[in-house]
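Bear in mind that the values here come from a model prediction, so they are computed numbers and not experimental data. In what follows, chains are A, B, ... by sequence order, proteins preceding strands, each numbered from 1.
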Protein chains: 2
Amino acid sequence: MNKYQRIAQEVKKRIIDKTYSSDDPIPDEISLASEFRVSRMTIKRALDTLVSEGLLNRKRGHGTFIVKSVYNGPVNVVVNEMLGLTNVLRGKEIKSKIIAFDVQFPSEEVAAHLFIDANSPVYHVVRLRIVEGEPYVIERTYMPTKLISGITEQVLHGSVYKHIKEELGLNIVSSHRTIRASKSTELDWEHLDCGADDPVLEIEQVGYLDTGIPFEYSFSRHRYDKFVFTTVNRIR
Amino acid sequence: MNKYQRIAQEVKKRIIDKTYSSDDPIPDEISLASEFRVSRMTIKRALDTLVSEGLLNRKRGHGTFIVKSVYNGPVNVVVNEMLGLTNVLRGKEIKSKIIAFDVQFPSEEVAAHLFIDANSPVYHVVRLRIVEGEPYVIERTYMPTKLISGITEQVLHGSVYKHIKEELGLNIVSSHRTIRASKSTELDWEHLDCGADDPVLEIEQVGYLDTGIPFEYSFSRHRYDKFVFTTVNRIR
DNA sequence: GAGTGGTCTAGACCACTCA
DNA sequence: GAGTGGTCTAGACCACTCA
């Protein structure tokens, strides 16, 4: 662990256990640099991470303050790591039901999002994800077979991301998402066990490897009463 | 504008007009530092902003690469600045219809989110926002009267955020949002001009000042066919 | 004027990748 | 071994806030 990570962790601890009062600013950067025996830039970097997590905010010429709402219940979890349901719901029992699994030529839309041509086959997977016995999400995923090889029913019953990372040795670095509300369809009624007038929360996603190449294009349709999405936005 | 902002802008321009090929890495940090006559740390900072916008990704020991999908249509706009509809839709004609405007004692829920007690009055505002003549969003907003003073019908017909910044001299720094799909209600049918089985995309938001104090608690209900929300997520 | 955070420098050493 | 980005230093000067 780097210095700035260790310092961020320590300062976070002091915020949570109220070593630092939320009425006064936390110690200034020069004092912290001297306490931790690092340069001021390193302190700055450590505090940057806490600011982006929504725990601190800074005011030039004034000081660095604890965001009041930190004490107002549990700290809001930023959903930056939300790639793969298996990771989000760690500790809960997740089962998958495979509704469709085949290989096909991509539609124009899929080809464009995966940055491949119309002749490159893709896996087409539709999975129902069941959390603690309750239907939760229907995921429709397209992945180029050339890039993501070795997908089997067994892999689909576990975590596809784990397969990509551990078996294929590829690094997933980012995803672009579009979130929308959508009317439910027959497929939703059947598998998500929802009413005809229940909406679903749909997330369209393109996932990228560290090479910059997209490896998946997916649509996840969530039960509207079981899923919300939260973000923290900082104004620049 | 700072050096790192100018450099980020220039590099972005070169990515978009294809001065830099997406097949090779862009010039290394030391070359860029020498070209722009700045230190390497400043180049790093400039590139950091483009990485977080999803245009570049870096690979230690290898180089800095253009994310392929940058050419795949218009650049994805990151919705970090999306505080206030007036800002998001700059250039479009936005009208507001005031559906409700009163002062009340907060419910338990509102008081908790605004971090005030049950005896502190709040403004309660329901506005329909009309974009280019089409109903778009219904916003229900609660703001403490003590903190956000001087709200009038005239202010509500314009931008509340502008009033907060320019008239009250307060700095808005962040917001916490929860996004969900929701069934439409009678109020939606009437004002958003939507069908009984149309869903809406609801965003629940707490907005914060730079003091860390929440200044608004709001629910925005968007027509599902007129609004999507996009994010770029980096895996840590 | 004293104290704060924001930007920037010119270097150092390191970890990783590729040939 | 050569080249890349990651971390870190010890300073400098500046903009802003408050008294």
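Atom NZ in K59(A) sits roughly 13 Å away from atom P in dC16(D) (whole-Å rounding). Between N57(A) atom CG and dT17(D) atom P there is a gap of 14 Å when expressed in whole angstrom units. With rounding to whole Å, K3(A) atom NZ is found 14 Å from dA15(C) atom P. Here dT9(C) presents its P atom at 15 Å from CD1 of I30(B), a figure rounded to the nearest Å. Counting to the nearest Å, the P atom of dC8(C) and the CZ atom of R37(B) are 17 Å from each other. Following rounding to the nearest Å, D48(B) (CG) and dT7(D) (C1') show an atom-to-atom distance of 12 Å. At whole-Å resolution of the value, CE in M1(A) and P in dC14(C) are 21 Å apart. In this structure, the CD1 atom of I43(A) is 13 Å from the C1' atom of dT9(D), given to the nearest Å.
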* Structure fact -> With both pairing distances under 3.5 angstrom for Watson-Crick or G-U wobble, and | for a partner in another strand, the correct string for DNA chain C is ||||||||||||||||||.
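Residue R60(B) places its side chain closer to dA15(C) than to any other of dG5(C), dA15(C), dT7(C). Nearest to the side chain of D28(A), among dG6(D), dT4(C), dC18(D), sits dT4(C). Closest contact between the side chain of N2(A) and the listed nucleotides dC8(C), dG6(C), dT7(D) involves dT7(D).
Using modelled atom types and a 3.5 Å distance limit, the side chains of Q104(B) and Y142(B) yield no donor-acceptor pair. Remark: the Y136(B) side chain and the R129(B) side chain contain no N/O donor-acceptor pair separated by less than 3.5 Å.
For dC8(D), the OP1/OP2 oxygens have no side-chain nitrogen or oxygen of R45(A) closer than 4.0 Å. For the OP1/OP2 pair of dC8(C) and a distance below 4.0 Å, the side-chain nitrogens and oxygens of Y4(B) include no atom meeting the criterion. Using a 4.0 Å cut-off, no side-chain N or O of S39(B) falls inside it from OP1 or OP2 of dG11(C). Within the 4.0 Å cut-off from OP1 or OP2 of dC8(C), not a single side-chain nitrogen or oxygen of K44(B) is found. Taking side-chain N and O atoms only, T64(B) has a distance below 4.0 Å to OP1 or OP2 of dG5(D).
Remark on DNA chain D: of its neighbouring residues T42(A) and I26(B), the 5'-side contact belongs to I26(B), judged by nearest-heavy-atom nucleotide.
Tested against Q205(A), the residues E216(A), E139(A), H113(A) include a single side chain to side chain donor-acceptor pair (under 3.5 Å) partner, E216(A).
Taking the six-membered ring for Trp and the full ring otherwise, F215(A) and Y217(A) have centroids separated by 6.0 Å or more.
Residue E108(A) qualifies as open at atom CD: its count of foreign heavy atoms under 6.0 Å is 12 or below.
R40(B) contributes a side-chain N or O that forms a donor-acceptor pair with the base of dG5(D) under 3.5 Å.
Electrostatic pairing of R14(A) and E10(A) counts as a salt bridge here, judged by a charged N lying under 4.0 Å from a carboxylate O.
Counting only heavy atoms from C-beta outward, the side chains of I15(B) and L56(B) approach each other to under 4.5 Å.
The backbone N or O of D102(B) lies less than 3.5 Å from no partner atom in the side chain of H124(B), so there is not a single donor-acceptor pair.
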